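In this text the structure is predicted, and so the values were computed from the model without any measurement. All values below were derived from every heavy atom in this structure, side-chain atoms included, with hydrogens, water molecules and symmetry-related copies excluded. Along the sequence shown, the residues carry numbers beginning at 1.
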Amino acid sequence: MLTDLVDHVLGVDPDRDRITVAVVAARTQGVVASNTFPTTPRGYRAALRWAAEHTEQGRRAWAIEGAGGYGAGLAATLTAEGEHVVEFDHPSARPSKDGAKTDALDAIRAARETLGRTSWATPRSRGAREGLRTLITARDSAKVARISAINVLKALIVTCPVKLREELRRLPLGQLVSRCQRFRFDTATDPELAATKLAMRSTAARIHHLTIECRNLEKAMEPIVAALCPRLLTEPGVGVLVAAQLLVSWSHPGRCRSEAAFARLAGVAPLPATSGQTQTRHRLSRGGDRQLNRVIHTAVLTRVKTDAGTRDYLARRVAQGKTKREAMRCLKRYYARHLFRLLEAAPMTT
């Protein structure tokens, strides 16, 4: 446990403009001191100096709540200084029995709960992997907006004048967008038809622009993925988007202590659910990183269709008495082990 490794834990509750730090003794869980600092480089350095006054370097750990959000700047600064940083997420205890809640109390709770855990997470690495995460975020946002615009265009077709609807309703999406982009706004015709064509042309132009944006962002990911782990791109079922999410979730060597921990992070490690006379039952895990779970599911489905070795594995599991669903779960667990070994063997670049 963390108590065996450090003498003090500094719980951090970050906000947009300030961070609140509380020093908690590892053995007694008593509060030694607390203070507030601005979220600036100078503020981060001041927090480090203040921590040095109350603790000893090498015998302290920082438990940062939201190390990937408001606490990202502090986490990056501390990591660069060689500090032991722990990402505190999903608090299990209530803020207080009497309902009291302050930034200082949240910082103390982060330190105490981290001390009570037998395992903890390190923040994701930055550099190229953080750049990859920003590209994924931007593409996901553009994709959601594109789907929304497509739904709007199809809804407009349903309610548009009959003659125009019959012209458009059977066109594939690509031809539909191209056709609607060529509409002309003519106020001399029926005002309803003119306004509908203008709305369709505007929506089609938005779809076209977002489609190009998604493609450009995906292209920007490819050289980063190739530099971080080129072998991923040669895997059947793994494209640029799947490889990018795998790298972002895995982050860096050592973040997952074993392939079993990586499978647990991906939500593909079945949970034992034995009780009474039932001793071999397992339950589907619904925890972990759901985006990582999604891309592993996508890769496995693609491999089942295109890779003979994957189909043979699935058939062998079914022949052993597994249902198709159970065999797919076994396949995901096996594939997570394979991906973890590829990622851990990748050259260490930033």
Side-chain angles (χ1 to χ4, degrees), residues 1-15 18-27 29 31-89 106-134 227-229 247-258 261-262 265 343-350:
M1 295 181 66
L2 200 58
T3 310
D4 302 322
L5 303 176
V6 299
D7 296 327
H8 296 88
V9 174
L10 294 95
V12 181
D13 181 59
D15 204 343
R18 63 181 181 274
I19 55 171
T20 303
V21 186
V23 180
V24 174
R27 297 294 181 182
Q29 295 196 9
V31 180
V32 177
S34 65
N35 206 342
T36 301
F37 305 91
T39 54
T40 62
R42 180 177 295 179
Y44 298 149
R45 291 193 297 269
L48 263 173
R49 290 193 300 269
W50 177 82
E53 297 173 2
H54 297 88
T55 61
E56 180 184 350
Q57 188 173 16
R59 298 296 299 174
R60 64 176 177 244
W62 299 72
I64 304 178
E65 184 174 359
Y70 285 137
L74 177 62
T77 301
L78 295 175
T79 302
E81 293 293 331
E83 295 287 328
H84 184 185
V85 181
V86 175
E87 184 175 8
F88 174 72
D89 56 351
D106 287 344
I108 294 168
R109 180 179 58 162
R112 286 175 174 168
E113 282 202 34
T114 301
L115 282 170
R117 296 180 178 180
T118 56
S119 61
W120 52 88
T122 57
R124 290 188 176 99
S125 64
R126 297 185 67 85
R129 290 178 179 84
E130 178 63 14
L132 199 58
R133 186 194 65 80
T134 61
L228 292 175
C229 188
L247 285 166
V248 168
S249 297
W250 168 76
S251 181
H252 59 271
R255 183 169 187 258
C256 296
R257 64 184 181 275
S258 65
F262 179 74
L265 174 66
L343 291 166
E344 289 288 317
M348 293 183 64
T349 56
T350 55

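Side-chain contact between V32 and V24 is absent, with no heavy-atom pair separated by less than 4.5 Å. For the pair V31/R112, a side-chain contact is recorded, criterion being any heavy-atom separation below 4.5 Å from C-beta on. Taking 4.5 Å as the limit, some side-chain heavy atom of L265 sits within range of a side-chain heavy atom of R255. Looking at V21 and F37, their side chains come closer than 4.5 Å, going by heavy atoms from C-beta outward. The shortest distance between side-chain heavy atoms of R129 and V248 does not fall below 4.5 Å. Using a 4.5 Å cut-off on side-chain heavy atoms (C-beta onward), F88 and V12 make no contact. For the pair V86/W62, no side-chain contact is recorded, criterion being any heavy-atom separation below 4.5 Å from C-beta on. Taking the side chain as every heavy atom from C-beta outward, I64 and E87 never approach each other to under 4.5 Å.
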Stepwise side chain to side chain contact (heavy atoms under 4.5 Å, CB included) test for D15 and T39 = CA-CA 8 Å; D15 204 343; T39 54; over 6 Å; no
inquiry  = Apply side chain to side chain contact (heavy atoms under 4.5 Å, CB included) to residues S34 and V23 and explain how you reach the verdict.
reply    = CA-CA 6 Å; S34 65; V23 180; over 6 Å; no
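By the neighbour-count criterion of 12 heavy atoms within 6.0 Å, atom CZ of R18 is sparsely surrounded, having that number or fewer from other residues, nucleotides or ligands. The number of heavy atoms from other shown groups lying within 6.0 Å of OH (Y44) is above 12.
Rounding to the nearest 0.5 angstrom, the gap separating the OG atom in S251 from the CG atom in L132 is 11.0 Å. The OG1 atom of T114 sits 9.5 Å away from the CD atom of E65 when rounded to the nearest 0.5 Å. Between the CG atom in L78 and the CG atom in L48 there is a gap of 5.5 Å [rounded to 0.5 Å]. For the atom pair R49 CZ and E53 CD, the distance stands at 9.0 Å (nearest 0.5 Å). Distance check: L5 CG to H84 NE2 gives 7.0 Å after rounding to the nearest 0.5 Å.
Smallest separation of non-hydrogen atoms from A63 and V9: CB-CG1, 4.1 Å. Between L74 and I19, the closest heavy-atom pair is CD2-CD1, 3.8 Å. A111 and G11 get closest at one heavy-atom pair: CB-N, 3.7 Å. The heavy-atom pair separating A261 from C256 by the smallest distance is CB-CB, 4.3 Å. Counting all heavy atoms, side chain and backbone alike, E81 lies closest to Q57 at O-NE2, 3.7 Å. In plain terms, the two heavy atoms of P123 and H252 that are nearest each other are O-CE1, 3.3 Å.
No close placement of the F262 and W250 rings is indicated, their centers lying 6.0 Å or farther apart.
Looking at E83 and R60, a side-chain N of the basic residue comes within less than 4.0 Å of a carboxylate O on the acidic one, giving a salt bridge.
Partners of D7 under the salt bridge (charged side-chain N to carboxylate O under 4.0 Å, His left out) rule, at least two apart in sequence or in another chain, are R59.
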